[in-house]
Amino acid sequence: MTRYDPTIHHRRSIRLRGYDYRQAGAYFVTINTHRYEPILGAVVAGAMAPNAYGQIIAEDWGWLAETFSSVDLDACIVMPNHLHGIIVITETTDTLRLPLGRIVGAFKTRSTKHVNEWRETPGAPLWHRNYYEHIIRDDDDLHRIRAYILTNPARWSEESEHLSPPLFRTGDA
């Protein structure tokens with residue numbers, strides 16, 4: 001493995017400069033599987049049919065709202081090689097300073113552990129190391145993103161390749 005060298009390795013951040021990702025707000029996230037492998041199920045007749053791994057992912061996504069009192073979840077879809085979801089951070093007190101990255105990290109850690117237990121592959125990567133995020137700025141943005149999430153399976157056959165759209169690729173695994 002090549003060691004990180006800041007003079008040749010330049011990772012562009014997609015984060016909004018100066019924005020506090022711990023503040024209350026709604027965030028659209030996309031999390032891709034490792035190497036964009038379609039291991040979470042299949043799209044059949046325009047609808048997502050999650051397999052056992054996809055069902056584990058959906059359950060662990062729901063776990064976020066059960067575990068963190070300042071987190072609500074909105075629309076979500078588990079696709080064969082990625083998950084789209086909306087995370088809503090509802091409050092920001094000094095004791096509940098949950099940045100978005102910590103929430104996504106908790107989900108990735110838990111779901112990786114559960115899927116690897118199921119498939120008996122301890123330590124195997126499940127997720128791409130990064131994730132895509134978008135700050136939801138207003139109700140129009142929220143409605144557009146909800147529609148995108150809910151219609152994602154219907155568009156699956158239209159995509160030229162069944163990897164994540166280029167918009168959601170954020171570096172190499």
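The chain is numbered in sequence order, starting from 1. Side-chain atoms are counted along with the backbone in the values below, which use heavy atoms only and exclude waters and symmetry mates. What you see is a predicted model, and the numbers here were worked out from it, not measured in a lab.
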Looking only at heavy atoms, the pair that brings Ile89 and Leu100 closest together is CD1-N, 4.3 Å

So the side chain to side chain donor-acceptor pair (under 3.5 Å) pairs with at least one residue in residues 103-112 (sequence neighbours excluded) are Asp60-Arg110, Ser111-Trp127

### Query
Below 4.5 Å, heavy atoms only, C-beta onward: do Ile145 and His143 meet side chain to side chain?
no

When rounded to the nearest 0.5 Å, the distance separating CD of Glu117 from CD1 of Ile56 is 8.5 Å

Distance col, row Tyr148:OH vs Arg155:CZ, nearest 0.5 angstrom, shows 5.0 Å

Practice problem: Test side-chain contact (heavy atoms from CB on, under 4.5 Å) on Ile39 and Leu126 and set out the steps. | Solution: CA-CA 9 Å; Ile39 62 168; Leu126 174 63; 3.4 Å; yes

Closest heavy-atom pair, Ala124 versus Arg119, reported as atoms and distance to 0.1 Å, is CB-NH2, 4.1 Å

* Is it possible for you to check whether Arg144 lies under 6.0 Å from the centre of the six-membered ring of Phe28, through NZ or CZ, and within 45° of that ring's axis? => no

Please check if the side chain of Asp74 supplies one atom and the backbone of Gly85 the other of a donor-acceptor pair under 3.5 Å.
-> no

dist Tyr53:OH -> Leu40:CG (nearest 0.5 Å) comes out at 10.0 Å

CD1 of Ile57 to CD of Gln55, rounded to nearest 0.5 Å, is 11.0 Å

### Task
Would you indicate whether the side-chain heavy atoms of His128 and Tyr36 approach each other to under 4.5 Å?
yes

Note: Ala26 and Ile86 closest approach over all heavy atoms is CB-CG2, 4.4 Å

Chi angles and distances behind the side chain to side chain donor-acceptor pair (under 3.5 Å) call for Tyr131, Glu133:
CA-CA 7 Å; Tyr131 63 94; Glu133 65 192 35; 3.3 Å; yes

For Pro153 and Ile77 the tightest heavy-atom approach is CG-CD1, 3.9 Å

d(Met79 CE, Thr33 OG1) to nearest 0.5 Å is 11.5 Å

Sorted by chain and residue number, the side-chain hydrogen bond (donor to acceptor under 3.5 Å, both in side chains) partners of Trp63 (sequence neighbours excluded) come out as Thr67

By side-chain contact (heavy atoms from CB on, under 4.5 Å), Asp140 pairs with (sequence neighbours left out) Asp138

Practice problem: Decide yes or no on side-chain contact (heavy atoms from CB on, under 4.5 Å) for Thr90 and Val71, but give the supporting numbers first. | Solution: CA-CA 6 Å; Thr90 58; Val71 170; over 6 Å; no

In short, Met48 meets Ala42 closest at the heavy-atom pair SD-O, 3.5 Å

Tell me, with the steps shown, if Asn116 and Thr121 meet side chain to side chain donor-acceptor pair (under 3.5 Å).
-> CA-CA 5 Å; Asn116 282 343; Thr121 56; 2.9 Å; yes

OH (Tyr132) and NE2 (His84) are apart, to the nearest 0.5 Å, by 10.0 Å

ask   = Stepwise, does the side-chain contact (heavy atoms from CB on, under 4.5 Å) test hold for Leu73 with Ile87?
value = CA-CA 5 Å; Leu73 300 173; Ile87 296 172; 4.1 Å; yes

Q: Decide whether Thr30 and His82 meet the rule of one side-chain donor and one side-chain acceptor closer than 3.5 Å.
A: no

